[in-house]
Undergrad: 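This is the structure I want to talk about, given as structure tokens.
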Amino acid sequence: GENVEQHPSTLSVQEGDSAVIKCTYSDSASNYFPWYKQELGKRPQLIIDIRSNVGEKKDQRIAVTLNKTAKHFSLHITETQPEDSAVYFCAASGVATNKLIFGTGTLLAVQP
Amino acid sequence: SAVISQKPSRDICQRGTSLTIQCQVDSQVTMMFWYRQQPGQSLTLIATANQGSEATYESGFVIDKFPISRPNLTFSTLTVSNMSPEDSSIYLCSVGTSGSFAGQFFGPGTRLTVL
């Protein structure tokens with residue numbers, strides 16, 4: 001079955017810097033890759049996603065890139081702000097099952 | 001996106017008892033899922049709740065321990081049976097749309113503590 005690895009497990013940046021979180025997946029049939037942000041005590045929230053027919057997607061300060069050949073995808077946050085501090089999860093799924101397999105999470109701390 | 005609610009939001013239960021968690025959506029959805037999130041950990045899929053048929057369980061999860069119902073397209077329940085302290089977790093339902101878009105949206109979660 002699918003396995004998703006995520007790095008780093010913790011990331012501390014200064015406000016205004018960029019943050020990058022990387023994930024790799026094992027199943028070449030996976031074709032949908034969402035990213036979730038989970039603040040303490042809250043539910044995971046979908047912040048951006050990418051499908052396998054697209055190499056990059058951007059939404060304001062966040063972007064996701066996908067390399068199908070290498071089977072890895074990354075989340076990029078620019079101009080980080082303290083409110084970006086949270087745990088971020090990547091995930092992968094196939095259209096046939098719609099089952100999401102999650103990475104282990106990255107705790108992002110943005111220092112003011 | 002759909003509004004998803006869960007009941008109860010939290011509970012403290014005794015070992016050996018069972019708890020049923022409800023998930024209600026304000027619109028009809030094709031797919032509903034149940035996840036477990038142990039303290040400080042990632043999300044693990046328990047099962048896919050299929051409307052009108054038996055749930056599809058992931059490896060490591062069985063129907064006797066986590067029976068699931070899905071009587072219609074807006075509601076599902078997950079029961080945690082014969083609980084032990086190891087079942088202490090947050091349980092979340094999620095909903096997804098069919099087709100090429102596989103995005104899922106999560107309910108607020110049920111925080112379960114087993115003593």
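Chain letters run A, B, ... following the sequence lines, proteins first, then strands; residues in each count from 1.
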Undergrad: Answer with side chain, backbone, both or neither: which region of L43(B) has an atom nearer than 4.5 Å to a non-hydrogen atom of chain A?
TA: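 Both parts, backbone and side chain.
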Undergrad: Where on Q6(A) is there a heavy atom nearer than 4.5 Å to chain B: the side chain, the backbone, both, or neither?
TA: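 Answer is neither: Q6(A) stays 4.5 Å or more from chain B.
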Undergrad: For Q41(B), is it the side chain, the backbone, both or neither that has a heavy atom under 4.5 Å from a heavy atom of chain A?
TA: backbone
Undergrad: Report, by ascending residue number, the residues of residues 103-112 of chain A in heavy-atom contact with chain B at a distance under 4.5 Å; give 'none' if the set is empty.
TA: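 G103(A), T104(A) fall under the 4.5 Å cut-off.
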Undergrad: For the CG atom on L115(B), are there more than 12 heavy atoms of other groups (residues, nucleotides or ligands in this structure) within a distance under 6.0 Å?
TA: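 Yes, the 6.0 Å shell around CG holds more than 12 heavy atoms from other groups.
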Undergrad: In terms of heavy-atom contacts, does NZ of K68(A) have more than 12 from other residues, nucleotides or ligands at under 6.0 Å?
TA: no
Undergrad: Would you say Y25(A) and N3(A) are linked by a side-chain donor-acceptor pair, where the criterion is simply a distance under 3.5 Å?
TA: no
Undergrad: Crowded around K57(A) NZ? As in, over 12 foreign heavy atoms under 6.0 Å?
TA: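 Yes - once you tally the heavy atoms of other residues, nucleotides and ligands closer than 6.0 Å, there are more than 12.
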Undergrad: Please flag which part of F106(B) lies under 4.5 Å from any non-hydrogen atom of chain A: side chain, backbone, both or neither.
TA: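 Both backbone and side chain of F106(B) come within 4.5 Å of chain A.
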Undergrad: Centres of the W35(A) and F73(A) rings: under 6.0 Å?
TA: yes
Undergrad: Could you tell me whether Q60(A) atom CD has more than 12 heavy atoms of other residues or ligands within 6.0 Å of it?
TA: no
Undergrad: Kindly indicate, with the supporting measurements, whether the criterion salt bridge (charged side-chain N to carboxylate O under 4.0 Å, His left out) is fulfilled by R111(B) and D11(B).
TA: CA-CA 6 Å; R111(B) 183 179 294 272; D11(B) 207 340; over 6 Å; no
Undergrad: Take atom CD in E54(B); do more than 12 heavy atoms of anything else shown fall under 6.0 Å from it?
TA: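 Counting other residues, nucleotides and ligands, CD of E54(B) stays at 12 neighbours or fewer.
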